[in-house]
Colleague: 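Below is one structure. I have some questions about it.
Here, residue 1 is the first one in the sequence, and each next residue gets the next number. Every heavy atom of this structure was used, including side-chain atoms; hydrogens, water molecules and symmetry mates were not.
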Amino acid sequence: MFASFSAWSARGRGAARLAAGALVSGLAATGVLAGAGTAVADETAPGRGGAVATVGGLKTYGAAVIRGAAGDQQVSAGLFEMSVEGGGTLQTYCVDIHTPTQKDARYHETPWSGTSLGTNEDAGRIRWILQNSYPQVNDLAALADRAGVRGQLTEQDAAAGTQVAVWRYSDDVDVDALDPQAEQLADYLHENARNRPEPRASLTLDPPAVSGRPGERIGPVTVRTDARSVTVSPPADAAMSGVRIVDGDGEPVTTATDGSQVFFDVPEDAAADTAQLTVQASTTVPVGRAFASESRSQTQILAGSSESTVSATASATWAQEGPVPALSARENCAKGGVDVTAVNRGEAPFTFALAGLEYTVVPGGTRTVTVPLDEDRPYDFTVEGPGGFEQRFTGMLDCRTRAAEIGTATHSLGESSPTPVAGAPTDVNLAETGASAVTPWIVGTAIGLVVLGGAGLVVTRRGRTASGG
């Protein structure tokens, strides 16, 4: 999710507002509270890290058949190609057979916990399939021999067979590849898959939000990456504000590596405010990373990556006195909502309102509130605190595959070419992969209110910590 945010606005504190909003960038809900004044969300939401890419459609594919009580349905199955912002190309398979892929949809690298993979006990088997099949294994003769495929295995067969094997674990559907060679590969991959751990993000900053007093180094923020090194960009107004990005010894930092810790060095006389740092690198994205769209488009899982541009941001908030909060949020599919975490590095309690209820974070403490949300619905809610303090979070929860929502029964396809859904955008490709013609919902309409009762909030109190996150 692309969290837009503002804080310490002119408006006083009141009950949090929760309403449907426009679809915004990405799925993994992450955001950071600003300090004094108003801050504007960056292209990469604070807290999220990794690659941002636009889907270009199926590039290598064959055919598959979904078996259902209402009849059989033929669909395309294979590899998508995605263009990375800043440079690079990704190859992906989809993990939601009944959901359409929107043409030119924008995707963000996302933890499994923010997608249907987070509650799928077979997600690790899907990663094994990706690591042991096409395009990671591009010697098709060797792949065919290993899988016991009889006859020639083409790239189209390999892509279709791999996608079918992925669908059997991601959607728990009865699906077969149409080509015999592709079906033999699918059976081999499905039967031999083993659990593998989730790969870590290509690049993140941990925690995504920190806070403290002027005159001290605020942090640390730890770099997590597979890249050899990353470039560190200071706040845009660093020359004017005097805020520097430094290491533990107070030395300016322009590059960092995995595990490096950086700090915001804030002048002692600085007024309450916020600042943001950005890190960027060029690296291959690990196979098995999930990619979620900013709209209702099929979740993708990475099968191959060129050298690609990845980035991440983090922010710091400071004030001379009182509470000094830092807020972040992350979608939690296991709990069916968004975890909002507030850290208070001030010397006074921080009380905030969310969904009509008030919560207090003691000095030096951390508190997480889970906001339960409706599946496939845009959300827009604001955390409000003393003195006009505001932090807004917007996005859309997409935690279940369409098969899990409607059951595994499918309907037969009335014609061989895609039929547009009434009211859907005309540039949406409704049947790139999956049984999109049976989908009974309209894509991309952000309407209705997300109703949250105060009793519906699940509150988790965490112990006091010495640092944010």
Side-chain angles (χ1 to χ4, degrees), residues 55-68 72-82 89-99 101 116-117 120 122-196 287-291 298-305 401 403 408 410 413 416 431-436:
V55 66
L58 279 170
K59 295 299 181 182
T60 307
Y61 60 95
V65 178
I66 308 172
R67 314 292 184 186
D72 294 345
Q73 180 179 8
Q74 184 171 320
V75 294
S76 297
L79 271 175
F80 285 89
E81 186 171 290
M82 306 178 78
T89 302
L90 308 177
Q91 292 174 301
T92 61
Y93 292 103
C94 82
V95 294
D96 191 349
I97 194 171
H98 290 299
T99 297
T101 298
S116 61
L117 296 170
N120 186 340
D122 291 321
R125 297 181 188 274
I126 296 173
R127 190 187 181 202
W128 183 95
I129 291 170
L130 301 174
Q131 291 174 319
N132 289 274
S133 190
Y134 182 76
Q136 286 300 304
V137 180
N138 56 19
D139 185 337
L140 298 183
L143 179 60
D145 182 65
R146 185 186 310 163
V149 173
R150 297 178 297 278
Q152 183 181 6
L153 185 69
T154 66
E155 289 184 345
Q156 291 75 21
D157 293 335
T162 306
Q163 177 65 90
V164 166
V166 168
W167 277 335
R168 290 175 182 175
Y169 281 119
S170 66
D171 293 72
D172 192 25
V173 290
D174 185 0
V175 58
D176 298 321
L178 195 61
D179 183 88
Q181 283 74 35
E183 174 64 11
Q184 292 165 31
L185 176 61
D187 288 342
Y188 163 77
L189 295 171
H190 181 238
E191 293 167 4
N192 289 274
R194 300 291 183 268
N195 270 314
R196 292 290 182 267
V287 170
R289 288 296 292 171
F291 279 78
Q298 285 175 316
T299 299
Q300 306 281 321
I301 189 165
L302 189 76
S305 169
T401 64
T408 57
T410 64
L413 200 61
S416 58
E432 286 267 29
T433 65
S436 54

Colleague: When you measure from the side chain of Q181 to the backbone of R150, do you find a donor-acceptor pair of N or O atoms at a distance under 3.5 Å?
Modeller: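 Looks like yes, one N/O pair under 3.5 Å.
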
Colleague: Is any side-chain heavy atom of L58 closer than 4.5 Å to one of L79?
Modeller: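 They are not in contact (no side-chain heavy atoms under 4.5 Å apart), so the answer is no.
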
Colleague: Kindly say whether A303 contributes a backbone atom to a donor-acceptor pair with the side chain of Q136 at under 3.5 angstrom?
Modeller: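 Yes, Q136 side chain to A303 backbone: donor-acceptor pair under 3.5 Å.
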
Colleague: First locate atom CZ of F80, then atom CG of L302, and finally report the distance between them rounded to the nearest 0.5 Å.
Modeller: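 Answer for the CZ-CG pair, F80 versus L302, is 13.5 Å.
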
Colleague: Any side-chain to backbone donor/acceptor pair from Q298 onto T99? Under 3.5 Å, distance only.
Modeller: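 Yes.
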
Colleague: Would you say R146 and V137 make side-chain contact, with heavy atoms under 4.5 Å?
Modeller: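 A side-chain contact under 4.5 Å exists here.
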
Colleague: Is the shortest heavy-atom distance from the side chain of V166 to the side chain of V95 under 4.5 Å?
Modeller: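 In contact.
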
Colleague: Any side-chain to backbone donor/acceptor pair from N120 onto Y169? Under 3.5 Å, distance only.
Modeller: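 Judged by distance alone, yes, a pair lies under 3.5 Å.
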
Colleague: How many angstroms lie between CG in D145 and CG in D139, if you round to the nearest 0.5 Å?
Modeller: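 Going from the CG atom of D145 to the CG atom of D139 covers 9.5 Å.
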
Colleague: Should Q300 and Y93 count as side-chain neighbours, where that means a heavy-atom distance under 4.5 Å?
Modeller: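 A side-chain contact is absent here, since even the closest heavy-atom pair is not under 4.5 Å.
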
Colleague: Is D176 close to R168 at the side-chain level, that is, under 4.5 Å between some pair of heavy atoms?
Modeller: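 Heavy-atom side-chain distance check passes, below 4.5 Å.
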
Colleague: Can you name the residues that form a side chain to side chain contact (heavy atoms under 4.5 Å, CB included) with P180, not counting sequence neighbours?
Modeller: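 With neighbours one apart ignored, the set is Q184.
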
Colleague: Check side chain to side chain contact (heavy atoms under 4.5 Å, CB included) between A147 and all other residues, then give those that pass, not counting sequence neighbours.
Modeller: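 Per chain and number, A147 pairs via side chain to side chain contact (heavy atoms under 4.5 Å, CB included) with V149, L185, Y188.
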
Colleague: Heavy-atom distance under 4.5 Å between the side chains of I301 and R289, does that happen here?
Modeller: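 A side-chain contact is absent here, since even the closest heavy-atom pair is not under 4.5 Å.
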
Colleague: Scan the side chains in residues 125-133 for donor-acceptor partners under 3.5 Å anywhere in the protein, sequence neighbours excluded, and list what turns up.
Modeller:
{"from": "R125", "atom 1": "NE", "to": "D122", "atom 2": "OD1", "distance (Å)": "3.3"}
{"from": "R125", "atom 1": "NH1", "to": "A193", "atom 2": "O", "distance (Å)": "2.8"}
{"from": "R127", "atom 1": "NE", "to": "V287", "atom 2": "O", "distance (Å)": "3.1"}
{"from": "R127", "atom 1": "NH1", "to": "P197", "atom 2": "O", "distance (Å)": "2.7"}
{"from": "N132", "atom 1": "ND2", "to": "W128", "atom 2": "O", "distance (Å)": "2.8"}
{"from": "S133", "atom 1": "OG", "to": "T162", "atom 2": "OG1", "distance (Å)": "2.7"}

Colleague: To the closest 0.5 Å, what do you measure between NZ (K59) and OG1 (T89)?
Modeller: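 Atom-to-atom, K59:NZ and T89:OG1 are 10.0 Å apart.
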
Colleague: Going by heavy atoms in the side chains, are D72 and I66 under 4.5 Å from each other?
Modeller: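 A side-chain contact is absent here, since even the closest heavy-atom pair is not under 4.5 Å.
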
Colleague: Check whether any side-chain heavy atom of C94 sits under 4.5 Å from a side-chain heavy atom of Q163, and report yes or no.
Modeller: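 Yes; the side chains approach each other to less than 4.5 Å.
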
